[in-house]
Amino acid sequence: MAVYERSYHGYDGELTGTGNRILVISKFTTRELFRSRMFCAFFAICFVPSVSFLIAIYLRYNLEMLTELQIPIDEIFIIDAGFFINFLQYPQASLSFLLALVVGPGMISPDLRDNAMPLYLSRALTKTDYLLGKLLVLVVLLSLITWVPAVLLFFIHAYLGPEGWLVDNLQLPFAFIVTSFAWIFTLSLTALALSAWIKWKQVAQITFFGFFVMSSALGEAVREIFGGWLGSAFSAFDSYAVLISYAANEPVPISMPPSVAIMNMLVLSALATALIFQRIRAKEVA
Amino acid sequence: MEADGAGAGLADATTPPPGVRNDQPPPADGADLATDARSQPVIELQNLSVTLRGHPVLKSLTTRVTGRCIGLLGPNGAGKTTLLNTLLGFYPSTTGSAKVLGRDIRERAVRQQIGYMPENDSFIAGMSGVNFVRYMGELSGLPPEQALERAHEVFFYVGLGEARYRNVEAYSLGMKQLVKLAQAIIHGPRLLFLDEPTNGLDPPARTRMLQLIREIRDSGEARVIISSHLLRDVEECCEEVLILRHGEIATYCNLAEQRRSIEKFLLLQVVGAPATDAGPDPVDAFVAGLRDRGCEVGMQNRRRLRAVLPPTMEVRNVYELATALNVQIRGLDHKRDSLEDIFLRAMEGDHRPGDGS
Amino acid sequence: MNAVTYPQDNPHLWFTQLRAIIGIELGRVLFTSRATAIYVVAAVPIILLTTVGYIDNPRTGGPITGNIANARYAFAVIYAGFLLGTMVFLGSASLFISLFRGEILDRSLHYYLLSPVRREILAAGKYLAGLIASIGLFGTVTLVCYLLLYLPYGVSQMMSDFSSGPAARELTLYLLTTVFACIGYGAVFLLLGLFFRNPIFPILVLIGWELMHFILPPALKMISVVHYLKGIMPPQPWRGPIAVVMASPPAAVCMLALTGLTAVALILTVLRLKRIELRYTDS
Amino acid sequence: MTRGNDAIEISGVSKFYGEVLGVNRVDLTVMPGITGLVGPNGSGKSTLMNLIAGLLTPTKGTISILGLTNREPQLLYQHIGYCAQVDSFPPRMTGRQFLINYLRVHGFDKRSAAHLAHEALTRVSLLATADRRIDGYSKGMRQRIKLAQSICHQPRVMVLDEPLNGLDPIARAEIIDLFLELAAGGAHILVSSHILHEVDLISDRVVFLSNGYVVAEGDVQGIQGEIKHHPIQIRICSEAAPVIAARVFDLPDVVEARLHDDRRNVFVRTRNADRFFLAFNQMIMDHPWTIEAVSPVDESVEAVYQYLVADEPVSQ
């Protein structure tokens with residue numbers, strides 16, 4: 001029989017290396033994100049287009065069901081590279097933008113507003129670890145709704161579809177992965193840069209929303225005056241569309257040269273990264 | 001500027017006796033610390049200077065801090081927070097160097113052994129209390145299972161057991177301070193930096209916080225540095241005090257040694273019978289009587305007197321006068337140097353109020 | 001020596017207070033870091049139209065906009081889509097919302113509420129400061145952009161258009177539209193800023209409302225700002241879906257309606273301000 | 001100056017935020033001088049101060065400050081200075097500009113505003129840094145500029161929510177002297193604070209709040225006196241403690257004497273303090289004891305606080 005009086009004692013268990021701090025930050029940030037039901041619902045909606053495209057592919061190759069519905073198969077369902085490009089260009093591009101709008105600004109702003117930076121920095125991790133941890137979350141989430149479903153649909157179609165289709169379309173998945181990563185990094189870095197500089201999450205969201213809306217509105221205005229492709233140089237969405245088609249060597253919908261598209265994304269990402277690092281150097285703490 | 005006499009004398013002092021609080025008997029067990037932990041200095045500064053935005057804030061500080069619990073004091077803008085932030089690696093030191101627990105502050109691993117409790121409210125929104133502390137634990141290197149287990153342990157230890165599943169931003173001010181302490185001690189650091197731990201707490205919460213700090217200090221597993229403006233709180237926990245002024249060390253001394261007790265300086269709390277219209281008010285008569293006997297008497301307010309007895313007079317004579325005038329001596333104490341006096345002495349030569357850098 | 005004259009002895013006290021509030025608010029709205037976004041938004045169209053003025057069309061060698069009539073048409077499209085739709089709308093949104101919601105987020109509104117100033121004067125001071133800033137900024141941008149159209153065609157063309165051509169009337173209408181857009185959107189955003197905790201909602205609410213306005217039943221059209229702005233703007237040769245639009249009332253009626261809408265919004269603002277309760281400590 | 005009556009009348013005031021209780025049925029008359037407001041966090045302290053400052057309107061009951069209410073703010077706030085606990089300021093402003101702007105909104109002309117601002121800055125000794133931007137100020141300086149803002153228009157009522165928070169000892173002493181000076185000038189000063197010994201030192205009367213109710217109001221001694229049925233405890237420290245412990249039972253109303261295990265302190269509990277102390281004086285005359293220290297354990301504001309408000313121990 002013993003009486004354990006509640007006195008303080010330290011922790012002498014084993015400690016993990018300092019390398020895994022980035023993963024710890026990503027793990028907890030993701031876990032907190034999925035604790036809100038609203039976000040889970042929104043994230044589920046982001047998968048609706050992927051599922052519907054899957055069904056489309058499945059139906060295409062199961063003729064019996066289609067014949068009863070008397071739908072002329074060949075005219076509607078031409079599943080080719082354009083099919084996947086449309087998948088990435090329309091539903092997934094805007095959904096990934098909305099996801100970045102919802103998640104991105106909330107990455108750093110709350111920590112700035114609630115003065116949580118000293119809690120991180122007083123531990124054995126640097127601000128770069130913190131930023132990489134947050135960036136990783138964004139990149140993973142955005143990948144899950146851009147190139148991951150695209151590549152999956154591609155291989156499912158290759159499996160179901162005609163022989164030899166896989167061989168002569170092999171460059172498609174790589175095109176999807178490369179261009180989607182460019183798009184993901186542009187969105188994530190811009191969102192993180194705004195989140196790192198603006199204390200209030202809502203204000204960062206407006207600025208993020210305003211920035212993209214403004215740039216496409218500007219693109220419209222320029223197209224009105226100049227015509228030609230100069231207008232779409234301002235819009236990141238058009239750049240993404242051009243890059244996908246170009247990488248998949250399909251006819252490019254907008255006459256903008258792909259180099260301008262790449263430049264648009266590079267400039268945006270570089271500017272955002274510079275803003276983030278500027279925030280790192282500024283030794284503001286509490 | 002070399003620290004004044006008292007401070008310098010300490011550099012080679014032997015182990016200072018456990019702190020004697022002003023009017024409570026000394027702790028019974030006289031915590032027996034492993035001697036090696038005692039002699040190894042907590043913080044060594046080698047003319048450390050820090051300039052922020054072109055403004056010199058710390059001016060070549062040199063000292064070796066060895067106590068178990070050290071109070072960091074100084075007027076606003078003296079550089080307390082800057083010193084803390086420099087030791088934590090937030091600000092780069094302009095010149096000179098500093099060692100914490102024997103390792104240079106530029107090493108990232110040194111922060112593994114430090115626990116830091118920031119001054120202002122700081123938490124992560126949307127997280128439950130225990131989840132927040134567990135996250136901080138894993139960030140300090142604890143593996144996931146131990147982090148969760150340890151999070152619950154420290155939560156119960158700081159007395160927040162029942163609120164651990166609620167969100168931190170719904171906590172009261174006192175609970176936020178306790179959860180900040182919990183995240184600072186979860187990884188069992190060997191050195192704790194507490195920035196204004198009792199600021200804004202109501203009396204019961206303040207007592208509990210001071211009790212926790214004393215327990216951590218007496219456990220011998222961690223040294224504590226407290227930066228605070230509340231001198232009574234520092235007096236209750238700390239054995240040593242480092243006082244900064246204008247970015248320099250004004251005093252670094254051990255509290256017990258500094259408390260010169262002045263026998264003849266009395267603090268009195270008196271209550272006279274209600275002033276009947278017959279004679280003068282008893283309390284005024286009492287004061288006049290003391291002055292007749294050669295005492296200097298200062299009246300803080302109707303109830304509180306300060307009296308300096310002449311060599312010839314004893315406490316007994318005071319009671320004689322009180323009995324004669326039917327005045328009750330509700331409170332009597334020999335005035336000892338409180339931390340406030342040590343602080344004011346350190347500030348001597350600084351008559352410009354509100355200096356602020 | 002009592003060098004101080006107390007407010008009670010100041011005959012036109014409310015005017016002094018109004019001037020003070022306008023001065024303070026103008027400083028806060030135009031010269032703080034938050035204002036940079038508005039300056040960027042205002043600079044973009046100017047830069048765009050200057051480049052248009054200088055660059056020649058590679059094929060024809062002449063100005064890109066072909067002839068002045070075509071230029072004026074291009075301006076109409078840019079004005080409706082970009083200048084009015086984005087610059088004035090988003091610009092006045094961020095400017096007027098920050099007047100109250102900005103101060104609540106910064107937790108500095110209590111300094112006003114604790115001053116002996118009538119709530120009517122406080123609301124009026126803030127609104128007027130917002131108006132001066134927005135009309136000053138966006139009005140100038142509209143004027144400069146319109147004049148920039150004439151860059152490639154020389155001053156003579158401009159002079160003749162103004163003296164005899166349609167330019168004078170068109171420019172006045174554009175300026176009036178901008179002014180009334182600031183007045184209308186300003187009052188609405190000022191009010192929404194007081195009600196909504198998260199500023200993003202009022203902006204989305206209004207965008208949705210304004211975009212849907214042409215499919216709204218006539219009764220609901222009455223209370224949308226863009227409906228009246230259309231009445232003031234020079235007639236638009238609309239293309240695309242927006243062409244099918246209910247004819248807006250004549251310009252004078254529109255201006256009156258907008259002023260009425262503004263008055264209602266301001267009265268609601270004052271009522272809300274009278275009952276507002278700030279609890280920073282444990283909010 | 002409108003000559004309202006010279007008191008703050010709070011009659012039957014309750015304040016609810018939805019179903020959350022702020023304060024409940026508060027009846028209080030605050031006369032000129034310093035009134036300390038004490039109570040744990042969440043006891044309704046801030047709610048009561050915000051009600052008096054007019055930032056909140058009571059759900060039930062009325063508050064009249066010098067005869068005015070917050071329905072006519074243009075009159076009320078000429079006489080009220082408020083120092084919030086939150087330290088946040090309009091952006092990009094120097095200390096002096098902040099004061100001048102505040103005074104201009106009051107309706108003072110440029111010259112009077114500059115004069116009053118200068119006077120207030122001198123009083124809180126912030127002249128040296130008056131023309132630097134507030135966001136460069138340290139915590140102590142921000143506290144002083146807030147205090148300057150609450151006194152610059154020479155109000156007759158000052159509502160100060162933890163005014164000494166974050167100030168260093170020197171600044172605390174200066175600001176306390178300022179309060180005493182203002183109170184001497186006939187102003188009402190309401191100070192809320194958690195540092196009990198400071199509240200006891202400076203306030204003429206103290207209001208104890210707990211869970212939204214006013215549990216006691218008056219000067220500390222008066223309150224202590226009224227808690228008659230609770231015997232008070234006195235600590236006597238002397239070499240002759242054991243002997244004193246034995247003999248003290250001869251004195252009237254002594255109910256308990258406990259010797260501390262260091263045999264130098266004895267804790268005596270008596271039902272009537274006045275009679276005990278007078279008898280104790282006489283007893284010392286009759287015995288050769290040398291008294292080192294005597295301290296009323298219960299008379300301090302900490303003890304009264306613990307008895308009335310807290311259920312946990314509150315150290316001296």
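On a predicted model such as this, the values are computed, not experimentally measured, just so you know.
- Heavy-atom pairs under 4.5 Å with chain A were tallied for B:Ile114, B:Leu142, B:Ile124; the largest tally goes to B:Leu142.
- Between atom CE of residue B:Met136 and atom OG of residue A:Ser122 there is a gap of 8.5 Å, rounded to the nearest 0.5 Å.
- In terms of heavy-atom pairs under 4.5 angstrom with chain B, the leader among A:Asp111, A:Thr126, A:Asn20 is A:Thr126.
- Residue with the most contacts toward chain A among B:Ala109, B:Pro118, B:Pro143, B:Ala125: B:Pro143 (heavy-atom pairs, distance under 4.5 Å).
- Counting all heavy atoms, side chain and backbone alike, A:Pro118 lies closest to B:Tyr116 at CB-CE2, 3.8 Å.
- Taking the six-membered ring for Trp and thresholds of 30 and 60 degrees, B:Tyr135 and A:Phe28 have nearly parallel ring planes, at less than 30 degrees apart.
- Few gaps surround NZ on A:Lys27; more than 12 heavy atoms of other groups in view lie less than 6.0 Å from it.
- Comparing B:Thr81, B:Asp121, B:Leu52 by heavy-atom pairs within less than 4.5 Å of chain A, the highest count is held by B:Asp121.
- Residue A:Phe47 qualifies as enclosed at atom CZ: its count of foreign heavy atoms under 6.0 Å is above 12.
- Annotation for A:Phe209: atom CZ does not count as buried by contact number, only 12 or fewer foreign heavy atoms lying within 6.0 Å.
- Between A:Asp114 and B:Lys176, none of the side-chain N atoms (NZ, or NE/NH1/NH2) sits under 4.0 Å from a carboxylate O, so this pair counts as no salt bridge.
- Ion pairing between a basic and an acidic side chain is recognised when a charged N comes within 4.0 Å of a carboxylate O; A:Arg21 and B:Glu138 show no such pairing.
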Does the side chain to side chain contact (heavy atoms under 4.5 Å, CB included) test come out yes or no for A:Leu125 and B:Leu139, once each step is laid out?
CA-CA 8 Å; A:Leu125 65 108; B:Leu139 275 182; 3.6 Å; yes
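- Nearest heavy atom pair, residue B:Arg111 against residue A:Ala124, reads CB-N, 4.2 Å.
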Side chain to side chain contact (heavy atoms under 4.5 Å, CB included) evaluation trace for A:Leu119 with B:Phe132
CA-CA 11 Å; A:Leu119 295 175; B:Phe132 163 64; 3.5 Å; yes
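- Minimum interatomic distance between B:Ser140 and A:Arg123 (heavy atoms only, all atoms of both residues): OG-NE, 2.5 Å.
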Derivation and outcome, side chain to side chain donor-acceptor pair (under 3.5 Å), residues A:Glu32 and B:Asn131:
CA-CA 10 Å; A:Glu32 282 310 305; B:Asn131 214 357; 3.2 Å; yes
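- For the options B:Gln112, B:Glu153, B:Arg150, B:Met117, heavy-atom pairs under 4.5 Å to chain A are most numerous at B:Arg150.
- Counting heavy-atom pairs under 4.5 Å between each of B:Arg134, B:Arg190, B:Lys180, B:Glu119 and chain A puts B:Arg134 at the top.
- Only the side chain of A:Asp129 has a heavy atom closer than 4.5 Å to any heavy atom of chain B.
- Contact annotation for A:Ser36: neither backbone nor side-chain heavy atoms come within less than 4.5 Å of a heavy atom of chain B.
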